[in-house]
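Everything below concerns the one structure shown next.
When a residue number appears, it is its place in the shown sequence, counting from 1. Note that this is a predicted model, so its numbers are computed, not measured.
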Amino acid sequence: MGYQRSVSADSHELSPETVWHIDMPEIRFGRDATDELAFQLRDLGVEGAARGLVITDEGIADAGHADRVVAHLEDAGLDVDLYADSEREPSIGAIEDCLAFVRDNTDDGYDFYVGLGGGSCMDTAKATRAIVANGGSPLDYIAEPTGDGQRLTESGPPLVLLPTTAGTGAEISPVAILSVPEKEIKEAISSNHVRADAAVLDPTLTTTLPPELTARTAMDALGHAIEGYTTHEHDSLLRAEDPAKRPVYAGRTPLTEMFSEKAIRLLSGSVRTAVHNGDDLDAREDMLLGALFGAISGLTAGASLCHAMAYPVGNKYHTYHGETIAVLTPASTIDYNAASDPGRFAEVAEIFGVDTAGMTDRAAADALKREYIQLQRDLNVLPSGLNELAGITEDEVDWLAQQTVDTQERLLRCNPRPVTKEDVADVFRDALHNWEE
């Protein structure tokens with residue numbers, strides 16, 4: 001696969017990028033921050049007895065979190081409807097169902113939206129709000145050839161996201177990931193008009209998360225942080241003629257590096273406690289903060305090869321995204337990409353807590369891979385590789401590699417090392433088994 005660093009759709013004088021920027025929702029963080037949700041909405045301009053929609057799923061509703069949020073908003077004088085039918089890894093059809101709910105219950109949409117749950121609930125809320133504001137259907141705003149590739153021009157009324165997991169980063173990202181089951185692919189609606197206006201991060205919403213989901217989402221967050229720290233520097237990419245065409249994944253900067261470092265320390269240092277003692281609020285707080293910092297880094301600088309490979313796996317085998325990231329990271333992000341800059345991966349090893357004294361950079365990167373795998377084993381709820389994850393064997397590798405290069409150019413463009421289909425196939429083979437009992 002040819003590797004293109006140009007981010008402009010039109011030919012122009014080849015010059016390096018010199019500008020970086022970061023777009024962020026307002027962020028409210030802390031224990032019981034949920035109790036300030038109404039204040040946050042008022043701060044965004046929601047007035048009087050405005051009518052809003054809380055979008056979540058059945059599991060979050062059963063855990064009591066939706067009742068807590070709805071009661072809080074109603075006590076503040078707001079009128080609230082609840083949609084609790086979000087699905088895991090939401091499909092185009094799932095978004096259309098939520099859109100139908102909005103259109104059946106309002107004339108022109110709600111006055112505000114709240115997304116409550118994991119990444120799937122938040123992506124459902126993001127896509128729904130944006131499409132109601134712009135009109136049409138999800139496929140209108142998904143890139144060609146799957147969709148029409150239309151640009152969003154409106155953000156819509158205020159949207160606030162409340163994550164109940166620590167890992168996806170959906171609460172700050174400008175992307176809504178949707179599956180297209182008939183094509184066995186995942187696509188994205190990617191635009192700053194998708195991004196929420198605010199995120200309210202409350203560790204008390206995460207204590208009901210069971211050990212396996214805690215581990216899965218943590219590995220996604222750790223993937224964001226490591227990928228963000230090891231992707232291209234922003235000024236190694238080519239500058240777009242039009243700033244509007246600068247991609248949302250625009251390379252690492254001093255700011256994203258700072259967030260990556262802190263995220264790696266928080267997540268690697270607290271995930272064992274959070275998984276094995278889910279009521280430990282200190283660990284839960286560290287995890288949520290680490291996930292936020294990892295998202296700021298990885299979802300600004302850019303996710304890369306591991307995430308590109310994870311989407312075809314998840315779409316075909318319906319695996320959990322975080323588990324897929326976990327089993328692919330050692331072979332992709334660490335092993336394959338370490339050759340792009342061994343010294344940078346040696347830095348990651350030190351941040352991760354590896355004693356690298358006396359090691360060469362490459363040896364330190366190898367030690368990072370071993371330590372990462374040991375962390376997975378210590379959690380005791382993650383699969384040992386793609387084979388245990390979904391029964392994937394050597395026979396499926398070529399198809400997965402072809403899907404990756406055919407459908408994930410947006411992410412492969414961010415990878416610090418060029419890849420061919422054959423390279424991707426080799427990485428998939430390496431990830432079949434990370435350890436053996």
Side-chain angles (χ1 to χ4, degrees), residues 3 5 16-17 20 218-237 249-269 271 290 293-294 296-298 300-309 325-378 385 411-420 422-424 426-431 433-435:
Y3 184 76
R5 293 193 179 184
E17 182 62 271
W20 63 267
M219 292 299 103
D220 191 17
L222 197 52
H224 291 153
I226 299 175
E227 289 172 59
Y229 193 76
T230 56
T231 193
H232 294 293
E233 293 177 290
H234 77 286
D235 57 5
S236 72
L237 301 173
Y249 292 166
R252 75 176 192 265
T253 68
L255 182 70
T256 65
E257 288 181 350
M258 177 181 68
F259 280 109
S260 283
E261 290 185 30
K262 187 64 174 177
I264 295 168
R265 293 187 197 280
L266 286 167
L267 294 164
S268 63
V271 63
F293 289 173
I296 293 172
S297 166
T300 300
S304 51
L305 177 61
C306 181
H307 274 73
M309 294 171 66
I325 295 297
V327 301
L328 287 171
T329 291
S332 58
T333 303
I334 301 175
D335 203 7
Y336 181 82
N337 280 346
S340 67
D341 188 349
R344 178 150 287 267
F345 283 83
E347 292 174 11
V348 176
E350 292 178 3
I351 298 167
F352 212 83
V354 177
D355 182 0
T356 62
M359 291 184 182
T360 65
D361 289 343
R362 185 67 224 209
D366 291 341
L368 170 64
K369 180 180 178 181
R370 292 192 297 272
E371 182 63 24
Y372 181 94
I373 290 173
Q374 186 59 55
L375 172 62
Q376 291 181 295
R377 300 188 72 171
D378 289 348
L411 295 177
L412 293 178
R413 176 196 157 279
C414 299
N415 203 58
R417 184 181 175 189
V419 293
T420 64
E422 290 71 26
D423 295 328
V424 177
D426 285 342
V427 176
F428 272 122
R429 289 187 190 96
D430 288 345
H433 304 279
N434 288 321
W435 73 81

When you measure from the side chain of E371 to the backbone N and O of F352, does any donor-acceptor pair fall under 3.5 Å?
no

With a 3.5 Å distance limit and no angle check, can you tell me whether T231 reaches the backbone of P416 through a side-chain donor-acceptor pair?
no

Run the salt-bridge test on R362 and D341 with the 4.0 Å N-O cut-off and return the result as yes or no.
no

If you look at every heavy atom in I334 and P330, which pair is closest and at what distance?
CB-O, 3.6 Å

Which atom names give the shortest non-hydrogen contact between D235 and P16, and what distance separates them?
O-CB, 3.7 Å

Exercise: identify the closest heavy-atom pair between S297 and A225:
OG-O, 4.1 Å

N434 versus I373, closest heavy-atom pair with distance:
O-CD1, 3.8 Å

Closest non-hydrogen contact found for G302 with C414 is CA-SG, 4.2 Å

Assess the residue pair L411 and M309 against the criterion (side chain to side chain contact (heavy atoms under 4.5 Å, CB included)); give the C-alpha distance rounded to whole Å, side-chain angles, the decisive distance to 0.1 Å, and a yes or no.
CA-CA 9 Å; L411 295 177; M309 294 171 66; over 6 Å; no

I need the I351 CD1 to I264 CD1 distance, nearest 0.5 Å.
5.0 Å

Looking at S304 and E227, would you say the former's side chain and the latter's main chain have a donor-acceptor pair under 3.5 Å?
no

Looking at every non-hydrogen atom in both residues, tell me the closest pair between A346 and A364 and how far apart they are.
CB-CB, 3.7 Å

When rounded to the nearest 0.5 angstrom, what distance separates CG in N337 from CG in N415?
4.0 Å

Can any side-chain N or O of T356 pair as donor or acceptor with the backbone N or O of M359 at less than 3.5 Å?
no

dist W435:CH2 -> Q374:CD (nearest 0.5 Å) comes out at 9.0 Å

Only one of R344, E347, K262 passes side chain to side chain contact (heavy atoms under 4.5 Å, CB included) with E257; say which it is.
R344

Report the distance from atom CG of L368 to atom CD of E350, rounding to the nearest 0.5 Å.
11.0 Å

Test item: V327 and M219 side chains (from C-beta on) under 4.5 Å apart, heavy atoms:
no

Without swapping roles, check the side chain of H232 against the backbone of R252 for a donor-acceptor pair under 3.5 Å.
no

Rounded at 0.5 Å granularity, tell me how far CZ in R417 sits from OG1 in T230.
13.0 Å

N/O donor-acceptor pair under 3.5 Å between T256 side chain and T253 backbone:
yes

Spell out, as yes or no, whether a donor-acceptor pair under 3.5 Å connects the side chain of D423 to the backbone of T420.
yes

So, D366 and K369, do they make that salt bridge, N to O below 4.0 Å?
no

Kindly indicate whether the side chain of I325, heavy atoms from C-beta on, has any atom under 4.5 Å from the side chain of T329.
yes

If you apply the rule side chain to side chain contact (heavy atoms under 4.5 Å, CB included), what do you find for D430 with Y336, and how did you get there?
CA-CA 10 Å; D430 288 345; Y336 181 82; over 6 Å; no

Can you tell me how far CG of L255 sits from NE2 of H234, rounded to the nearest 0.5 angstrom?
11.5 Å

Residues Y372, S268; criterion side chain to side chain contact (heavy atoms under 4.5 Å, CB included); working and verdict
CA-CA 9 Å; Y372 181 94; S268 63; over 6 Å; no

After noting the C-alpha distance and the side-chain angles of F259 and T300, does the key distance pass the side chain to side chain contact (heavy atoms under 4.5 Å, CB included) rule?
CA-CA 11 Å; F259 280 109; T300 300; over 6 Å; no

